[in-house]
Amino acid sequence: TTSTTSATAGPKTNASVFQPLVPTAAAEPSPSPVTTTTVPLPPACVWSDFAARVSTDQSTYTAGQTVQITLEFQNTGQACTVNATGYACPLVNIDDASGALVWSSVAPVSAGCPSTFTGPTVVAANWSQSFSIPWGQDSCTPGQASACPGPRVAAGQYQIIGQGAGGSSQIPAGTPVTVTLS
């Protein structure tokens, strides 16, 4: 599965120490001393303050047309600190009209993903990151290593659900988006 990412609106920062210059009197010939101060970090992140939003480039697709899915994670709360490394893997599942899983972005076998967060990381209020995930209308679910990509799914309506999974960062699933394949 191919994906690209982009970050917007207040990228995460890893700085927890800074070195301010202490001003000296004009008559002193010696250089300014440097003082190291630890900045208090914001409180720990609460994953329910994060949102996963999924969207597609259209609502109806012809047979075989790639469905371009965008999954966005956003901090809807205040600035917070991720204290441990957490993955926040972009996870997209697609269910058919009966609710059966037909495709997953982590299939056939979830091999993990690069960490979105490495602790300690300060995540700004309104921070967001987007992931672009294409779906070729094939079937592929975890555990089907030899069958992926599988046959093309039938025409009909499908629900696309996005969330962050893995590690300590469990960003809750967002509202599903329905697409129609004709």
Side-chain angles (χ1 to χ4, degrees), residues 1-14 44-59 61 65-96 99-145 147-150 152-153 157-179 181:
T1 302
T2 308
S3 70
T4 57
T5 64
S6 63
T8 60
K12 64 183 180 179
T13 61
N14 287 319
C45 291
V46 177
W47 295 113
S48 60
D49 285 343
F50 284 69
R53 291 186 181 87
V54 68
S55 61
T56 58
D57 59 336
Q58 353 183 133
S59 59
Y61 298 85
Q65 182 181 10
T66 299
V67 177
Q68 192 56 53
I69 302 164
T70 300
L71 174 60
E72 178 186 28
F73 296 153
Q74 182 178 23
N75 179 6
T76 60
Q78 299 299 313
C80 61
T81 303
V82 177
N83 291 309
T85 297
Y87 295 106
C89 287
L91 170 62
V92 171
N93 286 331
I94 300 176
D95 296 342
D96 64 15
L101 178 66
V102 297
W103 187 86
S104 178
S105 63
V106 296
V109 176
S110 178
C113 70
S115 292
T116 299
F117 305 115
T118 303
T121 298
V122 174
V123 181
N126 296 317
W127 166 89
S128 68
Q129 185 169 10
S130 295
F131 303 87
S132 180
I133 303 167
W135 175 45
Q137 297 186 21
D138 58 298
S139 60
C140 185
T141 58
Q144 294 184 329
C148 290
R152 183 174 295 151
V153 298
Q157 288 194 329
Y158 292 84
Q159 284 205 326
I160 302 172
I161 303 108
Q163 68 185 54
S168 61
S169 53
Q170 301 295 325
I171 297 173
T175 302
V177 168
T178 301
V179 295
L181 307 181

### Task
Under the side-chain contact (heavy atoms from CB on, under 4.5 Å) rule, collect the residues that match up with S139, sequence neighbours excluded.
P151, V153
### Query
Partners of D95 by side-chain contact (heavy atoms from CB on, under 4.5 Å), sequence neighbours excluded?
L101, I161
Smallest separation among heavy atoms of [X] and [Y], with atom names:
X	Y	answer
S130	T70	CB-CG2, 4.3 Å
Q58	V179	O-CG1, 4.1 Å
A107	P142	CB-N, 3.5 Å
V92	I133	CG2-CD1, 3.5 Å
Q163	A52	CA-CB, 3.8 Å

Rounded distance [0.5 Å steps], [atom1] in [X] versus [atom2] in [Y]:
X	Y	atom1	atom2	answer
I160	T56	CD1	OG1	5.5 Å
I171	C45	CD1	SG	9.5 Å
F131	F73	CZ	CZ	5.0 Å
D96	Q157	CG	CD	11.5 Å
S105	N93	OG	CG	6.5 Å

Taking only residues two or more places apart in sequence or in another chain, which ones pass side-chain hydrogen bond (donor to acceptor under 3.5 Å, both in side chains) with [X]?
X	result
Q74	R53
Q78	none
N75	none

### Task
Would you please test V67 and I94 for side-chain contact (heavy atoms from CB on, under 4.5 Å) and show each step?
CA-CA 11 Å; V67 177; I94 300 176; over 6 Å; no
### Task
Please step through side-chain contact (heavy atoms from CB on, under 4.5 Å) for the pair W47 and V82, ending with a clear verdict.
CA-CA 10 Å; W47 295 113; V82 177; 3.9 Å; yes
Contact between [X] and [Y] at the side-chain level, heavy atoms closer than 4.5 Å - yes or no?
X	Y	answer
V123	F50	yes
L91	C89	no
R152	D138	no

#### Entry: Side-chain (T76) to main-chain (D49) donor-acceptor, under 3.5 angstrom
yes
### Query
In terms of the angle between their ring planes, are W103 and W135 parallel, tilted or perpendicular, with boundaries placed at 30° and 60°?
tilted
### Task
Apply ring-ring contact (aromatic ring centres under 6.0 Å, His included) to Y61 and list each qualifying residue two or more places apart in sequence or on a separate chain.
none
